[in-house]
Amino acid sequence: MSHQEVIRNKCRDCGLVNLATDERCRRCGAELKRADDAAPDSDETVEVRKRGPLKRLAWILGMTLTILFIWYVSLLVTSDALTFEQRQMVHRAVEILDRRGFGREAFLLHNLASYRSTDNWWNAYIGHHDAYAATNFPFEVLTLYPEFFEAAVDDNERAAILLHESYHLKGSGEQAALEGVWREKGRLGWTEDKYGHTKVFNNTKELTMRDVPVLFRCGEDGQSDCVR
């Protein structure tokens, strides 16, 4: 007699383990289910088994979304929101982008970005060099530092900074953001003849020359700006 047979003849009513050949429980007389009488899996049982991996996947997805939401909220509660005046400045800069044909970027900045004025715990932990802004992807939390409001000479220059951050909102890295802004500076009206004297423009030019040198290999000296 196999172990499996003994288990299959355990009485469901009183728990007594009977012989495999017994049809009724020796203790309580209840009818026993024989091993060879076991019915094949029903369609419902098969369906439940098929749903098992899907339920596990749903559970994993649910837990992941919960963790991401908690992380997102933690970024907000550990930082400060913009003041009313700061929000107005951001709004004007985004409107400039929209009018200049950067509709997709303006949509992201208007509707998806959560603006903060101070570092959250993540930014404080990672640390960063002097910057005008920082974006936490994929949470779309965009921190604007004092220089964004003070060093930029006008709303158009702030629009250039926000255009840079819009690349990060889409998941692009720093090199792609620098190249994208530099190539589009003419359409934005943020050109060297108008802004070549500003801190923001010169900082951006220096970083772009370092990270995307291919954009500065024109002219007789081979070191001039290729994007006009």
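Just so we're clear, the structure is a prediction, and the values are computed from it rather than from any experiment. Only heavy atoms go into these numbers, but all of them, side chains included; no hydrogens, no water, no symmetry mates.
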Notebook entry, point to check: Is Ser172 reaching over with its side chain to a backbone N or O of His168, donor-acceptor style, under 3.5 angstrom?
Noted result: no

Margin query: Looking at every heavy atom in both Asp98 and Ala106, which two are closest together, and how far apart are they?
Written below: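 Minimum heavy-atom contact is CB-CB, 3.8 Å.
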
Checklist line | Arg158 charged N/C atom sitting above Tyr132 aromatic ring, 6.0 Å / 45° | finding: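 Not satisfied by the 6.0 Å and 45° rule.
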
Checklist line | Shared hydrophobic cluster, Phe201 / Leu215 (ILVMFWY, side-chain heavy atoms < 4.5 Å) | finding: yes

Next item on the list: Looking only at non-hydrogen atoms, find the nearest pair between Val214 and Cys226 and report the distance.
Entry: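 For Val214 and Cys226, the tightest heavy-atom pair comes out as O-SG, 4.0 Å.
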
Notebook entry, point to check: What's the shortest heavy-atom distance between Glu105 and Ser166, and which atoms?
Noted result: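 The answer is CG-OG, 3.3 Å.
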
Next item on the list: Check whether Met89 and Leu142 end up in the same hydrophobic cluster, where Ile, Leu, Val, Met, Phe, Trp and Tyr are linked by side-chain heavy atoms less than 4.5 Å apart.
Entry: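 Both belong to a single hydrophobic cluster.
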
Notebook entry, point to check: Same hydrophobic cluster for Val77 and Ile126, using side-chain heavy-atom links shorter than 4.5 Å among ILVMFWY?
Noted result: yes

Check: Can you name the closest pair of heavy atoms from Ala151 and Lys199 and give their distance?
Finding: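 Nearest pair, atom of Ala151 first, then Lys199: CB-CD, 4.5 Å.
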
Check: Minimum heavy-atom separation for Leu207 to Leu178, with atom names?
Finding: O-CD1, 3.9 Å

Check: Under a single-linkage definition using a 4.5 Å side-chain heavy-atom cutoff for Ile, Leu, Val, Met, Phe, Trp and Tyr, are Phe137 and Trp71 assigned to the same hydrophobic cluster?
Finding: no

Check: Between Cys11 and Cys28, does the SG-SG distance stay under 2.5 Å?
Finding: no

Check: Between the side chain of Glu157 and the main-chain N/O of Val153, is any donor-acceptor distance below 3.5 Å?
Finding: yes

Note to self: If I take atom CZ from residue Arg116 and atom CG from residue Asn123, how far apart are they, to the nearest 0.5 angstrom?
What the structure shows: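 Answer rounded to 0.5 Å: 11.5 Å.
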
Item checked: Heavy-atom donor-acceptor pair, Gln86 side chain to Thr83 backbone, under 3.5 Å -> yes

Next item on the list: Give the cluster check for Val181 versus Leu144: same hydrophobic cluster or not, with ILVMFWY residues linked at side-chain heavy-atom distances below 4.5 Å.
Entry: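 Yes, because Val181 and Leu144 connect within a single hydrophobic cluster, where side-chain heavy atoms sit under 4.5 Å apart.
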
Item checked: Any donor-acceptor pair under 3.5 Å from Arg217 side chain to Gln223 backbone ->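 It does not hold such a pair.
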
Next item on the list: Give, for atom CG of Asn120 and atom OG1 of Thr78, the distance between the pair rounded to the nearest 0.5 Å.
Entry: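 The CG atom of Asn120 sits 5.0 Å away from the OG1 atom of Thr78.
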
Next item on the list: Carefully, step by step, assess Thr118 and Tyr145 under the rule side-chain hydrogen bond (donor to acceptor under 3.5 Å, both in side chains).
Entry: CA-CA 7 Å; Thr118 60; Tyr145 298 112; over 6 Å; no

Note to self: Once rounded to the nearest 0.5 Å, what's the spacing between atom CG of Leu188 and atom CG of Asn156?
What the structure shows: 5.0 Å

Note to self: Is it the case that the side chains of Tyr195 and Asp154 hold a donor-acceptor pair, with the cut-off being a distance below 3.5 Å and no angle test?
What the structure shows: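 There is such a pair (donor and acceptor under 3.5 Å, judged by atom type) between the side chains of Asp154 and Tyr195.
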
Next item on the list: Grab the two heavy atoms, one from Ala133 and one from Ile161, that are nearest each other, plus how far apart they are.
Entry: CB-CG2, 4.3 Å

Next item on the list: Could you tell me whether Phe216 and Trp182 have their ring centroids closer than 6.0 angstrom?
Entry: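 Close enough - the centres of the two rings lie under 6.0 Å apart.
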
Checklist line | Test log, rule salt bridge (Lys or Arg N to Asp or Glu O under 4.0 Å), inputs Arg187 and Glu184 | finding: CA-CA 5 Å; Arg187 179 153 65 112; Glu184 297 291 355; 3.0 Å; yes

Note to self: Is it the case that the side chain of Thr191 and the backbone of Gly186 share a donor-acceptor pair, with hydrogens and angles ignored and the cut-off at 3.5 Å?
What the structure shows: no

Next item on the list: Would you please test Val90 and Phe148 for side-chain contact (heavy atoms from CB on, under 4.5 Å) and show each step?
Entry: CA-CA 10 Å; Val90 170; Phe148 172 86; 4.1 Å; yes

Item checked: Option from Arg183, Lys185, Lys205 for which salt bridge (charged side-chain N to carboxylate O under 4.0 Å, His left out) with Asp225 holds -> Lys185

Checklist line | Donor-acceptor side-chain pairing of Thr208 and Glu179 below 3.5 angstrom | finding: no

Note to self: Please report the interatomic distance CD1(Ile96) to NE2(His91), rounded to the nearest 0.5 Å.
What the structure shows: 10.5 Å

